[in-house]
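Have a look at the structure below, then the notes.
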Amino acid sequence: MSDELDVLVIGAGACGLCAAIAAHDKGLSVAIVEKTERPGGNSALSTGSVPAANSRFQREAGIDDDAERYFRDLMGIAGDTDNEQLVRRMTAVSAETVEWLIDEVGCRMELITAYKHIGHSVSRLHAPKSRRGIDLVDDLVAAVEKRDIPLAVGNSAVRLIVGDDRVCGVVVDAGDGEEMEIRARAVVLASNGFGNNRPLVERFIPEIAGAQYFGAPGSDGEAIVWGEELGAAMQNMEAYQGYAAVADPHGSILSWTTVEKGGVIVDEKGERFGDESLGYSGFAKNVLAQGQHAFAIFDQRIFEISMAEEEFAELWEHKGLKKADTVEDVANAQGIDGKAAAKAVEAYNTAASQGGTDAHSRTNFGLAPLQAPFYSCRVVPALFHTQGGLSIDDDARVLRQDGSVIAGLYAGGGAAAGISGRAGALGYASGNGLLTATALGRLAALAAAADIAAGG
Ligand SMILES: Cc1cc2nc3c(=O)[nH]c(=O)nc-3n(C[C@H](O)[C@H](O)[C@H](O)COP(=O)(O)OP(=O)(O)OC[C@H]3O[C@@H](n4cnc5c(N)ncnc54)[C@H](O)[C@@H]3O)c2cc1C
(Lines give C-alpha, C1' and ligand atoms only; values in the text may rest on other atoms or scores of the structure.)
Protein backbone atom coordinates (compact mmCIF):
# COMPACT_ATOMS: atom_id res chain seq x y z
CA MET A 1 0.00 0.00 0.00
CA SER A 2 1.35 3.39 -0.98
CA ASP A 3 1.91 5.76 1.93
CA GLU A 4 1.02 8.83 -0.14
CA LEU A 5 -2.52 8.59 -1.33
CA ASP A 6 -5.19 10.87 -2.65
CA VAL A 7 -7.87 9.17 -0.56
CA LEU A 8 -7.67 6.86 2.42
CA VAL A 9 -10.90 5.17 3.46
CA ILE A 10 -11.39 3.95 7.03
CA GLY A 11 -13.74 0.98 7.11
CA ALA A 12 -14.83 -1.57 4.52
CA GLY A 13 -18.60 -1.58 4.91
CA ALA A 14 -20.97 -0.29 2.24
CA CYS A 15 -19.87 3.32 2.78
CA GLY A 16 -16.13 2.68 2.58
CA LEU A 17 -16.36 0.32 -0.38
CA CYS A 18 -18.54 2.79 -2.32
CA ALA A 19 -16.18 5.66 -1.48
CA ALA A 20 -13.16 3.71 -2.68
CA ILE A 21 -14.81 2.62 -5.93
CA ALA A 22 -16.01 6.15 -6.74
CA ALA A 23 -12.60 7.65 -5.89
CA HIS A 24 -10.81 5.13 -8.10
CA ASP A 25 -13.22 5.79 -10.98
CA LYS A 26 -12.46 9.50 -10.65
CA GLY A 27 -8.80 8.69 -11.28
CA LEU A 28 -7.65 9.07 -7.66
CA SER A 29 -5.23 6.78 -5.83
CA VAL A 30 -7.14 5.17 -2.98
CA ALA A 31 -6.85 2.46 -0.33
CA ILE A 32 -9.05 1.04 2.41
CA VAL A 33 -8.06 -0.01 5.92
CA GLU A 34 -10.44 -2.35 7.76
CA LYS A 35 -10.22 -3.08 11.47
CA THR A 36 -11.66 -6.59 11.45
CA GLU A 37 -10.49 -9.64 9.55
CA ARG A 38 -13.14 -9.35 6.86
CA PRO A 39 -14.98 -6.53 5.11
CA GLY A 40 -18.70 -6.00 5.60
CA GLY A 41 -19.43 -4.52 9.03
CA ASN A 42 -23.11 -3.92 9.72
CA SER A 43 -23.74 -3.70 5.98
CA ALA A 44 -23.17 -7.46 5.77
CA LEU A 45 -25.73 -8.09 8.55
CA SER A 46 -28.45 -5.99 6.93
CA THR A 47 -30.98 -7.00 4.28
CA GLY A 48 -28.94 -5.04 1.72
CA SER A 49 -31.92 -2.82 0.89
CA VAL A 50 -31.18 0.61 -0.57
CA PRO A 51 -34.10 2.97 -1.24
CA ALA A 52 -34.32 5.08 -4.39
CA ALA A 53 -37.05 7.44 -5.51
CA ASN A 54 -37.82 7.57 -9.23
CA SER A 55 -35.30 4.91 -10.19
CA ARG A 56 -35.35 3.39 -13.65
CA PHE A 57 -36.51 0.14 -12.04
CA GLN A 58 -39.49 1.81 -10.40
CA ARG A 59 -40.49 3.42 -13.70
CA GLU A 60 -40.23 0.04 -15.44
CA ALA A 61 -42.51 -1.41 -12.76
CA GLY A 62 -45.00 1.44 -13.24
CA ILE A 63 -44.34 2.95 -9.81
CA ASP A 64 -44.83 6.69 -9.64
CA ASP A 65 -42.32 8.18 -7.21
CA ASP A 66 -40.05 11.17 -6.84
CA ALA A 67 -37.57 12.72 -4.44
CA GLU A 68 -40.14 15.12 -3.00
CA ARG A 69 -42.51 12.29 -2.09
CA TYR A 70 -39.65 10.32 -0.53
CA PHE A 71 -38.58 13.43 1.40
CA ARG A 72 -42.13 13.83 2.75
CA ASP A 73 -42.22 10.14 3.73
CA LEU A 74 -38.94 10.43 5.63
CA MET A 75 -39.82 13.68 7.37
CA GLY A 76 -43.20 12.21 8.28
CA ILE A 77 -41.57 9.38 10.18
CA ALA A 78 -38.43 11.18 11.42
CA GLY A 79 -40.15 14.23 12.90
CA ASP A 80 -37.63 16.75 14.20
CA THR A 81 -34.15 16.47 12.74
CA ASP A 82 -30.91 18.39 13.21
CA ASN A 83 -30.21 18.21 9.48
CA GLU A 84 -33.21 18.53 7.19
CA GLN A 85 -30.91 19.48 4.32
CA LEU A 86 -29.26 16.05 4.53
CA VAL A 87 -32.66 14.35 4.20
CA ARG A 88 -33.31 16.47 1.13
CA ARG A 89 -29.91 15.67 -0.36
CA MET A 90 -30.19 11.90 0.26
CA THR A 91 -33.64 11.67 -1.27
CA ALA A 92 -32.48 13.71 -4.27
CA VAL A 93 -29.49 11.46 -5.02
CA SER A 94 -31.11 8.14 -4.09
CA ALA A 95 -32.02 7.09 -7.65
CA GLU A 96 -28.64 7.98 -9.16
CA THR A 97 -26.94 6.11 -6.31
CA VAL A 98 -28.84 2.87 -6.87
CA GLU A 99 -28.44 3.12 -10.65
CA TRP A 100 -24.71 3.70 -10.14
CA LEU A 101 -24.49 0.63 -7.89
CA ILE A 102 -26.20 -1.54 -10.47
CA ASP A 103 -24.90 -0.09 -13.75
CA GLU A 104 -21.34 0.94 -12.90
CA VAL A 105 -20.35 -1.04 -9.83
CA GLY A 106 -22.06 -4.26 -10.91
CA CYS A 107 -24.20 -4.91 -7.82
CA ARG A 108 -26.91 -7.46 -8.49
CA MET A 109 -30.02 -5.81 -7.05
CA GLU A 110 -33.71 -5.71 -7.85
CA LEU A 111 -36.64 -3.54 -6.87
CA ILE A 112 -38.69 -5.15 -4.08
CA THR A 113 -42.35 -4.94 -5.10
CA ALA A 114 -43.82 -7.74 -2.97
CA TYR A 115 -44.28 -5.45 0.03
CA LYS A 116 -43.59 -1.89 1.16
CA HIS A 117 -41.39 -1.20 4.14
CA ILE A 118 -41.65 0.93 7.26
CA GLY A 119 -41.81 4.60 6.34
CA HIS A 120 -42.32 4.23 2.58
CA SER A 121 -45.58 5.08 0.81
CA VAL A 122 -44.49 3.24 -2.37
CA SER A 123 -42.15 0.34 -3.18
CA ARG A 124 -38.68 1.87 -3.46
CA LEU A 125 -36.23 -0.52 -1.80
CA HIS A 126 -33.68 -2.15 -4.12
CA ALA A 127 -31.92 -5.23 -2.73
CA PRO A 128 -30.03 -8.39 -3.67
CA LYS A 129 -32.34 -11.26 -4.66
CA SER A 130 -31.44 -13.05 -1.42
CA ARG A 131 -32.30 -9.93 0.67
CA ARG A 132 -28.96 -10.44 2.38
CA GLY A 133 -26.52 -7.59 2.90
CA ILE A 134 -23.59 -9.97 2.59
CA ASP A 135 -24.40 -10.38 -1.11
CA LEU A 136 -24.30 -6.61 -1.61
CA VAL A 137 -20.97 -6.49 0.23
CA ASP A 138 -19.60 -9.35 -1.89
CA ASP A 139 -20.47 -7.46 -5.08
CA LEU A 140 -18.84 -4.29 -3.74
CA VAL A 141 -15.71 -6.21 -2.73
CA ALA A 142 -15.59 -7.80 -6.20
CA ALA A 143 -15.71 -4.30 -7.72
CA VAL A 144 -12.87 -3.19 -5.41
CA GLU A 145 -10.78 -6.22 -6.41
CA LYS A 146 -11.48 -5.68 -10.11
CA ARG A 147 -10.05 -2.19 -9.75
CA ASP A 148 -7.02 -3.41 -7.77
CA ILE A 149 -7.85 -1.09 -4.89
CA PRO A 150 -5.75 -2.12 -1.86
CA LEU A 151 -7.95 -3.32 1.02
CA ALA A 152 -5.99 -4.08 4.19
CA VAL A 153 -8.05 -6.13 6.65
CA GLY A 154 -6.96 -6.49 10.27
CA ASN A 155 -5.64 -2.92 10.15
CA SER A 156 -7.36 -0.57 12.57
CA ALA A 157 -7.02 3.18 12.17
CA VAL A 158 -6.06 4.43 15.64
CA ARG A 159 -5.81 8.19 15.14
CA LEU A 160 -5.90 10.91 12.55
CA ILE A 161 -2.81 12.82 11.50
CA VAL A 162 -3.53 16.52 11.61
CA GLY A 163 -1.25 19.27 10.31
CA ASP A 164 -1.55 22.76 8.82
CA ASP A 165 -5.15 22.94 10.02
CA ARG A 166 -6.20 19.92 7.97
CA VAL A 167 -6.40 16.18 8.21
CA CYS A 168 -3.56 14.66 6.24
CA GLY A 169 -3.57 10.98 7.05
CA VAL A 170 -4.08 8.22 9.56
CA VAL A 171 -2.01 6.14 11.95
CA VAL A 172 -2.86 2.46 11.60
CA ASP A 173 -2.29 -0.37 14.06
CA ALA A 174 -0.61 -2.88 11.76
CA GLY A 175 -0.48 -5.63 14.42
CA ASP A 176 2.27 -6.89 16.76
CA GLY A 177 2.50 -3.45 18.34
CA GLU A 178 3.52 -1.88 15.02
CA GLU A 179 2.06 1.43 13.95
CA MET A 180 2.14 2.75 10.41
CA GLU A 181 1.47 6.25 9.13
CA ILE A 182 -0.50 6.55 5.93
CA ARG A 183 -0.56 10.02 4.44
CA ALA A 184 -3.54 11.04 2.32
CA ARG A 185 -5.00 14.26 0.99
CA ALA A 186 -8.48 13.11 1.90
CA VAL A 187 -9.59 10.78 4.69
CA VAL A 188 -13.06 9.25 4.54
CA LEU A 189 -14.51 8.12 7.87
CA ALA A 190 -16.61 5.10 6.91
CA SER A 191 -16.24 3.38 10.27
CA ASN A 192 -19.97 3.34 11.19
CA GLY A 193 -21.47 4.51 14.47
CA PHE A 194 -20.89 3.86 18.16
CA GLY A 195 -23.23 0.96 18.97
CA ASN A 196 -20.36 -1.14 20.32
CA ASN A 197 -19.03 1.65 22.56
CA ARG A 198 -21.00 1.43 25.81
CA PRO A 199 -19.77 4.75 27.34
CA LEU A 200 -20.79 6.64 24.18
CA VAL A 201 -24.21 4.92 24.09
CA GLU A 202 -24.68 5.81 27.77
CA ARG A 203 -23.73 9.40 27.05
CA PHE A 204 -25.86 9.94 23.95
CA ILE A 205 -28.69 7.38 24.08
CA PRO A 206 -29.19 6.44 27.74
CA GLU A 207 -32.66 4.99 27.04
CA ILE A 208 -31.13 1.99 25.22
CA ALA A 209 -27.74 1.76 26.99
CA GLY A 210 -28.78 -1.31 28.99
CA ALA A 211 -29.60 -3.35 25.88
CA GLN A 212 -27.13 -5.72 24.26
CA TYR A 213 -25.51 -4.49 21.04
CA PHE A 214 -26.53 -6.72 18.15
CA GLY A 215 -24.50 -5.26 15.28
CA ALA A 216 -21.03 -5.99 13.89
CA PRO A 217 -18.14 -5.63 16.36
CA GLY A 218 -16.26 -2.81 14.59
CA SER A 219 -18.69 -0.01 15.47
CA ASP A 220 -16.60 1.46 18.29
CA GLY A 221 -17.31 5.12 17.60
CA GLU A 222 -13.83 6.35 16.64
CA ALA A 223 -15.32 8.82 14.15
CA ILE A 224 -17.22 10.50 16.97
CA VAL A 225 -14.22 10.60 19.30
CA TRP A 226 -11.81 11.94 16.66
CA GLY A 227 -14.37 14.36 15.25
CA GLU A 228 -15.05 15.78 18.69
CA GLU A 229 -11.31 16.28 19.27
CA LEU A 230 -11.19 18.34 16.08
CA GLY A 231 -14.19 20.45 17.06
CA ALA A 232 -16.63 18.79 14.65
CA ALA A 233 -20.32 19.29 15.28
CA MET A 234 -22.49 16.24 15.93
CA GLN A 235 -26.10 15.78 14.95
CA ASN A 236 -29.06 13.51 15.70
CA MET A 237 -26.97 11.75 18.34
CA GLU A 238 -29.92 10.25 20.19
CA ALA A 239 -31.30 8.42 17.15
CA TYR A 240 -30.93 4.67 16.83
CA GLN A 241 -32.53 1.48 15.59
CA GLY A 242 -33.37 -1.06 18.24
CA TYR A 243 -34.99 -4.48 18.31
CA ALA A 244 -37.49 -5.46 20.97
CA ALA A 245 -37.31 -9.24 20.74
CA VAL A 246 -34.02 -11.09 20.45
CA ALA A 247 -34.68 -14.70 21.51
CA ASP A 248 -32.88 -15.51 24.74
CA PRO A 249 -30.60 -17.40 25.21
CA HIS A 250 -30.55 -18.30 21.49
CA GLY A 251 -29.35 -14.85 20.41
CA SER A 252 -31.31 -14.86 17.16
CA ILE A 253 -34.05 -12.45 16.19
CA LEU A 254 -37.62 -13.47 17.03
CA SER A 255 -39.45 -12.40 13.89
CA TRP A 256 -41.60 -9.34 14.56
CA THR A 257 -44.24 -10.97 12.39
CA THR A 258 -45.21 -12.84 15.58
CA VAL A 259 -46.23 -9.56 17.20
CA GLU A 260 -47.40 -7.69 14.11
CA LYS A 261 -49.83 -10.50 13.31
CA GLY A 262 -51.39 -10.26 16.75
CA GLY A 263 -48.98 -11.62 19.38
CA VAL A 264 -48.38 -9.84 22.69
CA ILE A 265 -45.40 -9.33 24.98
CA VAL A 266 -45.66 -9.83 28.74
CA ASP A 267 -43.25 -9.27 31.63
CA GLU A 268 -42.03 -11.72 34.28
CA LYS A 269 -45.25 -11.17 36.22
CA GLY A 270 -47.23 -12.27 33.15
CA GLU A 271 -48.56 -8.76 32.50
CA ARG A 272 -48.47 -6.67 29.35
CA PHE A 273 -46.63 -3.37 29.74
CA GLY A 274 -47.22 -1.36 26.56
CA ASP A 275 -48.47 -1.02 23.01
CA GLU A 276 -46.42 -3.57 21.06
CA SER A 277 -47.55 -2.05 17.77
CA LEU A 278 -45.01 0.74 18.37
CA GLY A 279 -42.86 -1.58 16.25
CA TYR A 280 -39.78 -3.68 16.82
CA SER A 281 -37.51 -0.67 17.10
CA GLY A 282 -39.77 1.67 19.07
CA PHE A 283 -40.82 -0.99 21.57
CA ALA A 284 -37.23 -2.00 22.45
CA LYS A 285 -36.91 0.69 25.12
CA ASN A 286 -40.20 -0.46 26.74
CA VAL A 287 -38.88 -4.02 26.95
CA LEU A 288 -35.64 -2.74 28.45
CA ALA A 289 -37.41 -0.56 31.02
CA GLN A 290 -39.66 -3.32 32.43
CA GLY A 291 -37.04 -5.82 33.61
CA GLN A 292 -34.50 -8.38 32.53
CA HIS A 293 -36.61 -10.60 30.27
CA ALA A 294 -39.91 -10.35 28.45
CA PHE A 295 -42.02 -13.06 26.83
CA ALA A 296 -43.76 -13.05 23.47
CA ILE A 297 -47.00 -15.04 23.26
CA PHE A 298 -48.71 -15.85 19.95
CA ASP A 299 -50.82 -18.59 18.42
CA GLN A 300 -50.70 -21.43 15.89
CA ARG A 301 -51.85 -19.34 12.91
CA ILE A 302 -49.12 -16.78 13.56
CA PHE A 303 -46.59 -19.55 14.07
CA GLU A 304 -47.42 -21.00 10.66
CA ILE A 305 -47.08 -17.64 8.89
CA SER A 306 -43.75 -16.98 10.62
CA MET A 307 -42.38 -20.40 9.65
CA ALA A 308 -41.90 -19.00 6.11
CA GLU A 309 -38.97 -17.02 7.56
CA GLU A 310 -35.71 -18.96 7.72
CA GLU A 311 -34.48 -17.56 11.04
CA PHE A 312 -37.81 -18.25 12.75
CA ALA A 313 -37.86 -21.85 11.49
CA GLU A 314 -34.34 -22.30 12.86
CA LEU A 315 -35.39 -20.88 16.22
CA TRP A 316 -38.22 -23.43 16.43
CA GLU A 317 -35.86 -26.22 15.36
CA HIS A 318 -33.37 -25.17 18.05
CA LYS A 319 -36.10 -25.28 20.71
CA GLY A 320 -36.30 -21.52 21.20
CA LEU A 321 -40.11 -21.63 21.52
CA LYS A 322 -42.47 -23.34 23.99
CA LYS A 323 -45.85 -24.71 22.88
CA ALA A 324 -48.95 -25.51 24.97
CA ASP A 325 -52.71 -25.75 24.71
CA THR A 326 -53.42 -22.88 27.09
CA VAL A 327 -51.88 -19.47 27.71
CA GLU A 328 -51.43 -20.43 31.37
CA ASP A 329 -49.37 -23.49 30.45
CA VAL A 330 -47.30 -21.77 27.77
CA ALA A 331 -46.44 -18.99 30.26
CA ASN A 332 -45.76 -21.46 33.08
CA ALA A 333 -43.37 -23.27 30.73
CA GLN A 334 -41.28 -20.05 30.75
CA GLY A 335 -41.30 -19.92 34.55
CA ILE A 336 -43.60 -16.89 34.73
CA ASP A 337 -47.03 -16.41 36.31
CA GLY A 338 -49.36 -18.38 34.01
CA LYS A 339 -52.60 -17.22 35.60
CA ALA A 340 -51.69 -13.56 35.20
CA ALA A 341 -50.62 -14.15 31.58
CA ALA A 342 -53.92 -15.89 30.84
CA LYS A 343 -55.79 -12.91 32.32
CA ALA A 344 -53.72 -10.47 30.23
CA VAL A 345 -54.38 -12.38 27.00
CA GLU A 346 -58.06 -12.68 27.84
CA ALA A 347 -58.36 -8.88 28.24
CA TYR A 348 -56.40 -8.38 25.04
CA ASN A 349 -58.61 -10.86 23.16
CA THR A 350 -61.74 -9.07 24.35
CA ALA A 351 -60.38 -5.74 23.09
CA ALA A 352 -59.36 -7.34 19.78
CA SER A 353 -62.77 -8.85 19.19
CA GLN A 354 -64.52 -5.57 20.01
CA GLY A 355 -62.14 -3.49 17.87
CA GLY A 356 -61.11 0.00 19.01
CA THR A 357 -58.35 0.46 21.58
CA ASP A 358 -57.07 -1.76 24.40
CA ALA A 359 -55.79 -0.75 27.83
CA HIS A 360 -52.32 -0.04 26.38
CA SER A 361 -53.66 2.02 23.44
CA ARG A 362 -53.04 -0.77 20.96
CA THR A 363 -55.39 -0.53 17.98
CA ASN A 364 -53.82 -2.98 15.56
CA PHE A 365 -54.57 -6.55 16.62
CA GLY A 366 -53.59 -8.51 13.52
CA LEU A 367 -55.22 -11.96 13.65
CA ALA A 368 -56.23 -11.65 17.33
CA PRO A 369 -58.20 -12.80 19.28
CA LEU A 370 -55.47 -15.39 19.82
CA GLN A 371 -56.60 -19.03 19.66
CA ALA A 372 -55.15 -22.28 21.06
CA PRO A 373 -52.60 -23.76 20.76
CA PHE A 374 -50.14 -21.10 21.93
CA TYR A 375 -46.41 -20.44 21.66
CA SER A 376 -44.08 -18.39 23.85
CA CYS A 377 -40.53 -17.14 23.54
CA ARG A 378 -38.25 -15.49 26.10
CA VAL A 379 -36.77 -12.29 24.66
CA VAL A 380 -34.38 -9.45 25.44
CA PRO A 381 -34.08 -6.05 23.72
CA ALA A 382 -31.13 -5.06 21.52
CA LEU A 383 -29.48 -2.05 19.93
CA PHE A 384 -28.93 -2.64 16.18
CA HIS A 385 -27.12 0.54 15.23
CA THR A 386 -26.82 4.22 16.07
CA GLN A 387 -28.05 6.77 13.57
CA GLY A 388 -26.47 10.09 14.55
CA GLY A 389 -22.94 11.24 13.86
CA LEU A 390 -20.70 13.96 12.50
CA SER A 391 -22.25 17.02 10.94
CA ILE A 392 -21.51 17.14 7.22
CA ASP A 393 -22.27 19.38 4.28
CA ASP A 394 -24.15 18.29 1.14
CA ASP A 395 -21.07 16.41 -0.10
CA ALA A 396 -19.99 14.61 3.09
CA ARG A 397 -17.33 17.14 4.19
CA VAL A 398 -17.13 17.16 8.00
CA LEU A 399 -18.16 20.48 9.56
CA ARG A 400 -17.11 22.27 12.72
CA GLN A 401 -19.67 23.76 15.07
CA ASP A 402 -19.34 27.13 13.32
CA GLY A 403 -20.21 25.47 10.01
CA SER A 404 -16.69 25.64 8.55
CA VAL A 405 -15.20 22.60 6.81
CA ILE A 406 -12.47 20.49 8.45
CA ALA A 407 -10.21 20.27 5.42
CA GLY A 408 -9.31 16.77 4.31
CA LEU A 409 -12.01 15.02 6.37
CA TYR A 410 -15.17 13.38 4.99
CA ALA A 411 -17.74 11.10 6.63
CA GLY A 412 -20.62 8.90 5.54
CA GLY A 413 -22.85 6.03 6.61
CA GLY A 414 -23.14 5.43 10.33
CA ALA A 415 -20.26 7.84 11.04
CA ALA A 416 -22.27 10.83 9.83
CA ALA A 417 -25.44 12.60 10.94
CA GLY A 418 -28.30 10.37 9.89
CA ILE A 419 -31.70 10.91 8.34
CA SER A 420 -33.73 9.19 11.07
CA GLY A 421 -34.64 12.24 13.11
CA ARG A 422 -33.16 13.76 16.20
CA ALA A 423 -33.97 11.23 18.87
CA GLY A 424 -35.14 7.76 19.70
CA ALA A 425 -36.02 4.69 17.70
CA LEU A 426 -39.21 5.77 15.98
CA GLY A 427 -37.65 7.91 13.25
CA TYR A 428 -35.96 5.08 11.37
CA ALA A 429 -37.38 4.22 7.94
CA SER A 430 -36.21 1.03 6.20
CA GLY A 431 -33.07 1.65 4.21
CA ASN A 432 -31.98 4.84 6.03
CA GLY A 433 -28.74 3.10 7.05
CA LEU A 434 -27.66 1.85 3.65
CA LEU A 435 -28.79 4.93 1.73
CA THR A 436 -26.56 7.20 3.80
CA ALA A 437 -23.77 4.61 3.54
CA THR A 438 -23.82 4.17 -0.24
CA ALA A 439 -24.81 7.70 -1.25
CA LEU A 440 -22.49 9.52 1.14
CA GLY A 441 -19.61 7.16 0.38
CA ARG A 442 -19.90 8.03 -3.29
CA LEU A 443 -20.44 11.75 -2.64
CA ALA A 444 -17.43 11.89 -0.30
CA ALA A 445 -15.23 10.53 -3.08
CA LEU A 446 -16.62 12.98 -5.64
CA ALA A 447 -16.09 15.86 -3.21
CA ALA A 448 -12.54 14.72 -2.47
CA ALA A 449 -11.85 14.60 -6.22
CA ALA A 450 -13.18 18.14 -6.64
CA ASP A 451 -11.27 19.45 -3.61
CA ILE A 452 -8.01 17.84 -4.72
CA ALA A 453 -8.46 19.22 -8.25
CA ALA A 454 -9.00 22.66 -6.71
CA GLY A 455 -5.75 22.28 -4.79
CA GLY A 456 -7.49 21.66 -1.42
C1 LIG B 1 -29.17 -6.62 12.16
C2 LIG B 1 -29.13 -5.36 11.34
C3 LIG B 1 -30.02 -5.20 10.27
C4 LIG B 1 -30.00 -4.03 9.50
N5 LIG B 1 -30.85 -3.92 8.42
C6 LIG B 1 -30.78 -2.82 7.62
C7 LIG B 1 -31.53 -2.71 6.40
O8 LIG B 1 -32.25 -3.63 6.03
N9 LIG B 1 -31.43 -1.57 5.66
C10 LIG B 1 -30.62 -0.54 6.03
O11 LIG B 1 -30.57 0.48 5.35
N12 LIG B 1 -29.86 -0.63 7.15
C13 LIG B 1 -29.91 -1.74 7.93
N14 LIG B 1 -29.12 -1.83 9.03
C15 LIG B 1 -28.21 -0.72 9.28
C16 LIG B 1 -27.07 -0.74 8.26
O17 LIG B 1 -26.53 -2.05 8.23
C18 LIG B 1 -26.03 0.29 8.61
O19 LIG B 1 -26.62 1.53 8.85
C20 LIG B 1 -25.04 0.43 7.45
O21 LIG B 1 -24.61 -0.84 7.04
C22 LIG B 1 -23.84 1.28 7.85
O23 LIG B 1 -22.88 1.18 6.84
P24 LIG B 1 -21.41 1.69 7.10
O25 LIG B 1 -20.63 1.40 5.89
O26 LIG B 1 -21.47 3.07 7.62
O27 LIG B 1 -20.91 0.80 8.33
P28 LIG B 1 -20.47 -0.74 8.37
O29 LIG B 1 -21.12 -1.53 7.34
O30 LIG B 1 -20.63 -1.21 9.78
O31 LIG B 1 -18.93 -0.67 8.02
C32 LIG B 1 -18.02 -0.02 8.88
C33 LIG B 1 -16.71 -0.76 8.82
O34 LIG B 1 -15.70 0.04 9.41
C35 LIG B 1 -14.84 -0.80 10.16
N36 LIG B 1 -14.15 0.03 11.16
C37 LIG B 1 -14.67 0.60 12.26
N38 LIG B 1 -13.72 1.30 12.91
C39 LIG B 1 -12.58 1.17 12.18
C40 LIG B 1 -11.25 1.64 12.37
N41 LIG B 1 -10.89 2.39 13.43
N42 LIG B 1 -10.31 1.31 11.46
C43 LIG B 1 -10.62 0.53 10.37
N44 LIG B 1 -11.88 0.04 10.17
C45 LIG B 1 -12.83 0.36 11.06
C46 LIG B 1 -15.80 -1.81 10.76
O47 LIG B 1 -15.11 -2.96 11.20
C48 LIG B 1 -16.74 -2.07 9.59
O49 LIG B 1 -16.29 -3.13 8.77
C50 LIG B 1 -29.10 -2.99 9.82
C51 LIG B 1 -28.20 -3.16 10.89
C52 LIG B 1 -28.21 -4.33 11.63
C53 LIG B 1 -27.22 -4.48 12.76
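Counting only N and O atoms by type, the side chains of Ser277 and Asn364 include no donor and acceptor under 3.5 Å apart. Under 3.5 Å, the side chains of Thr36 and Glu34 contain a donor-acceptor pair of N or O atoms.
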Which atom pairs, one a donor and one an acceptor, fall under 3.5 Å between side chains of residues 6-13 and the rest of the protein, sequence neighbours left out?
| residue | atom | partner | partner atom | Å |
| --- | --- | --- | --- | --- |
| Asp6 | OD2 | Ser29 | N | 2.9 |
| Asp6 | OD2 | Ser29 | OG | 3.3 |

List the atom pairs, with distances to 0.1 Å, where a side-chain N or O of residues 415-423 and a protein N or O form a donor-acceptor pair under 3.5 Å, not counting sequence neighbours.
| residue | atom | partner | partner atom | Å |
| --- | --- | --- | --- | --- |
| Ser420 | OG | Gln387 | OE1 | 2.6 |
| Ser420 | OG | Asn432 | ND2 | 2.9 |
| Arg422 | NE | Asp82 | OD1 | 2.5 |
| Arg422 | NH2 | Thr81 | O | 3.2 |
| Arg422 | NH2 | Asp82 | OD1 | 3.1 |

Without placing hydrogens or testing angles, list every side-chain donor-acceptor pair under 3.5 Å for residues 163-177, not counting sequence neighbours.
| residue | atom | partner | partner atom | Å |
| --- | --- | --- | --- | --- |
| Arg166 | NH2 | Arg185 | O | 2.7 |
| Asp173 | OD1 | Gly175 | N | 2.9 |

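Note on residues 144-157: pairs passing side chain to side chain donor-acceptor pair (under 3.5 Å), not counting sequence neighbours, are Asp25-Arg147. Within the structure, ring-ring contact (aromatic ring centres under 6.0 Å, His included) contacts touching residues 419-456 (residues at least two apart or in different chains) are His385-Tyr428. Sorted by first and then second residue, the pairs that involve residues 146-194 and meet ring-ring contact (aromatic ring centres under 6.0 Å, His included), not counting sequence neighbours, are Phe194-Phe204. Contacts classified as salt bridge (Lys or Arg N to Asp or Glu O under 4.0 Å) and involving residues 433-454 (residues at least two apart or in different chains) are given here: Glu96-Arg442, Arg397-Asp451. Sorted pairs that involve residues 140-189 and meet ring-ring contact (aromatic ring centres under 6.0 Å, His included), not counting sequence neighbours, are lacking altogether.
Not counting sequence neighbours, Tyr240 has no partner by the ring pair (Phe, Tyr, Trp, His ring centres under 6.0 Å) test. Every residue two or more places apart in sequence or in another chain that forms a ring pair (Phe, Tyr, Trp, His ring centres under 6.0 Å) with Tyr243 is listed here: Tyr280, Phe384. Residues satisfying the ring pair (Phe, Tyr, Trp, His ring centres under 6.0 Å) criterion with Phe303, sequence neighbours excluded, are Phe312, Trp316, Tyr375. Considering only residues two or more places apart in sequence or on other chains, Ser94 meets the side-chain contact (heavy atoms from CB on, under 4.5 Å) condition with Ala52, Ala53, Tyr70, Leu435.
We find the CG-CG distance between Leu17 and Leu151 to be 6.5 Å, quoted to the nearest 0.5 Å.
Annotation for Ile205 and Ala239: closest pair CD1-O, 3.9 Å, computed over non-hydrogen atoms.
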